[in-house]
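What follows is a set of notes on a single structure, which appears directly below.
These numbers come from a predicted model, not from an experiment. All residue numbers refer to positions in the sequence shown, counting from 1. Just so you know, ligand 1 is whichever comes first in the structure, and atom 1 is the first atom listed for that ligand.
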Amino acid sequence: MIVQLKKSPDEKQLQALLDWLKSMSLDVHISKGTNYTVLGLIGDTSAIDMELIQVLDIVESVKRIQEPFKSCNRKFHPDNTVILLGDKPLGGGEFQIIAGPCSVETEAQILEVAAAVKAAGAAALRGGAFKPRSSPYSFQGLREEGIRLLLQAKKASGLPVVTEIMDISQLPLFDEVDVIQVGARNMQNFELLKALGKVKKPILLKRGLSSTAEEFLMSAEYIMANGNEEVILCERGIRTFETQTRNTLDLSIVPVLKKLSHLPVIIDPSHATGYAELVPSMSLAAAAAGADGLIVEVHNNPSCALCDGIQSLNPETFARLAPQVKQVSALVRQGGLL
Ligand code: PEP
Ligand code: MN
């Protein structure tokens, strides 16, 4: 249920309403915009008499929310959520690019890529240390050593870092990681999502391989319901019958998610397409569709990469692409249609 308050509500009456709602065992999420205050009620609202609230002086309107997702629902929080990548805002009209190799491989590799993507305007460095691979015989990532090298690249470049967690037991290693990624295969690892709800840093949540928008948002809800409101939604392609691309990039989910939720939405064109030659077009299309950012795989020597080299851009192509994508994003935002 949401209660929209009139402009500048009387503080005493508001407190009395909040106390009463809390006495009904409801959690109240308060969202203050410039022109409104919205109270989002979470819990069993079936016993609440809407008319009783509606007649209060400070109340503009009361509505029941049909969707099962509450905290991430735009009706609960009409303004776009903005999440900081270091000191760079992502969302709410600010477009940012996260870039780096699929996996951290060596000190020289991650330092070189970090310097290159920073020079090209990336806001954060990605690099996998714990890798979810389809085959147990494939490179599994450098694990603790990978995190150590990534943090070394953070220090050298000044870029905040994004890396994937696969299991709750790895969390102590993520203390100095800026953004924790939950991979597509873990989107419904509910125990992991609950644990990340207790963490005070942004979570980059990837859409599961065959998840609906509602399932995706319910996974974000798991993190938010446990206390962490900083969730970045990432579309990375879904499974379809098509075999020419690794996955099928579902760009239409950008406006769908932005309508349903206030969370920032980014696109991963690398895993979505599986081929470096398809990454520029889909990156530009993502910006045109109103995405808030990208996460792109960039490798200093793609043909020798230990993981996902075929879909990794070289630093030169990334340096040409990044400013074009930002221009497209700025253009569609100025256009005012999205
Ligand atoms: C990755 O980002 O390296 C990755 C494994 O992504 P996904 O979970 O989308 O497959
Ligand atoms: Mn990868």
Side-chain angles (χ1 to χ4, degrees), residues 85 97-105 109-110 113 117 122 124-136 138-143 146-147 149-150 153 161-167 170 174 177-189 192-193 196 202-211 215-216 219-220 223 231-240 245-251 253-254 257 265-276 278-279 282-283 286 291 293-314 318:
L85 299 176
I97 305 179
I98 302 165
C102 179
S103 316
V104 179
E105 298 171 3
Q109 173 240 20
I110 195 67
V113 178
V117 299
L125 174 70
R126 65 151 286 153
F130 296 97
K131 295 303 305 175
R133 303 304 301 277
S134 301
S135 166
S138 301
F139 174 56
Q140 302 286 307
L142 296 181
R143 304 176 71 84
I147 303 263
L149 294 176
L150 191 64
V161 291
V162 181
T163 193
E164 178 168 350
I165 192 165
M166 285 174 59
D167 189 82
Q170 296 157 355
F174 283 65
V177 167
D178 300 274
V179 178
I180 304 179
Q181 177 174 319
V182 175
R185 292 156 193 81
N186 265 319
M187 190 203 84
Q188 288 191 318
N189 181 341
L192 179 61
L193 300 178
L196 295 176
I203 308 298
L204 192 163
L205 178 66
K206 289 192 147 194
R207 182 185 184 183
L209 276 68
S210 58
S211 301
E215 287 164 341
F216 191 13
S219 290
I223 300 168
V231 180
I232 302 164
L233 301 170
C234 177
E235 154 67 20
R236 45 76 72 208
I238 49 173
R239 279 271 164 85
T240 68
T245 48
R246 182 175 178 180
N247 292 290
T248 295
L249 176 57
D250 177 15
L251 268 187
I253 201 160
V254 176
L257 291 173
V265 180
I266 68 169
I267 294 291
D268 174 347
S270 311
H271 292 89
T273 62
Y275 297 99
L278 302 181
V279 168
M282 292 303 97
S283 300
L294 295 178
I295 179 165
V296 188
E297 286 187 343
V298 178
H299 196 284
N300 53 339
N301 191 356
S303 58
C304 295
L306 295 180
C307 182
D308 287 348
I310 310 168
Q311 68 190 34
S312 299
L313 296 183
N314 59 41
F318 178 71

Using modelled atom types and a 3.5 Å cut-off, is there a donor and acceptor pairing between side-chain atoms of Ser211 and backbone atoms of Arg207? no
Taking CZ in Arg133 as the centre, count heavy atoms belonging to other residues, nucleotides or ligands within less than 6.0 Å. Is the count above 12? yes
Taking atom types as modelled, is there a side-chain donor on Asp308 or His271 under 3.5 Å from an acceptor on the other? yes
Can you tell whether the side chains of Arg126 and Glu297 come within less than 4.0 Å, N to carboxylate O? yes
When you check the space around the Mn ion (ligand 2), which protein N, O or S atoms turn up under 2.8 Å? Cys102 SG, His271 NE2, Glu297 OE2, Asp308 OD2
Taking C-beta and beyond as the side chain, do Leu205 and Leu193 meet within less than 4.5 Å on heavy atoms? yes
Ser312 side chain to His299 backbone, donor-acceptor under 3.5 Å: no
So the atoms of ligand 1 within less than 4.0 Å of a heavy atom of Gly183 turn out to be 8 (O)
Any atoms of ligand 1 less than 4.0 Å from a non-hydrogen atom of Glu297? List them with their elements. 3 (O)
Who gets closest to atom 1 (C) of ligand 1 by heavy atom: Arg246, Gln311, His271, Arg207? His271
Taking distance alone, with N or O pairs closer than 3.5 Å, would you say Glu164 contacts ligand 1? no
Side-chain contact test, heavy atoms from C-beta onward, threshold under 4.5 Å: evaluate it for Asn247 versus Arg236 and give yes or no. yes
Would the number of heavy atoms belonging to other residues, nucleotides or ligands and lying under 6.0 Å from CG of Leu209 be above 12? yes
Could you tell me which atoms of ligand 1, counted from 1 in the order shown, lie closer than 4.0 angstrom to a heavy atom of Arg236? 7 (P), 9 (O), 10 (O)
Taking the side chain as everything from C-beta on, heavy atoms only, tell me whether Ile253 gets closer than 4.5 Å to Ile238. no
Between Gln170 and Asp167, is any side-chain donor less than 3.5 angstrom from a side-chain acceptor? no
Nearest protein heavy atom with distance in Å, relative to atom 8 (O) of ligand 1: Ala184 N, 2.7 Å
At a 4.0 Å threshold, what atoms of ligand 1 neighbour a non-hydrogen atom of Arg126? 1 (C), 2 (O), 3 (O)
Do any nitrogen or oxygen atoms of Lys206 lie less than 3.5 angstrom from nitrogen or oxygen atoms of ligand 1? yes
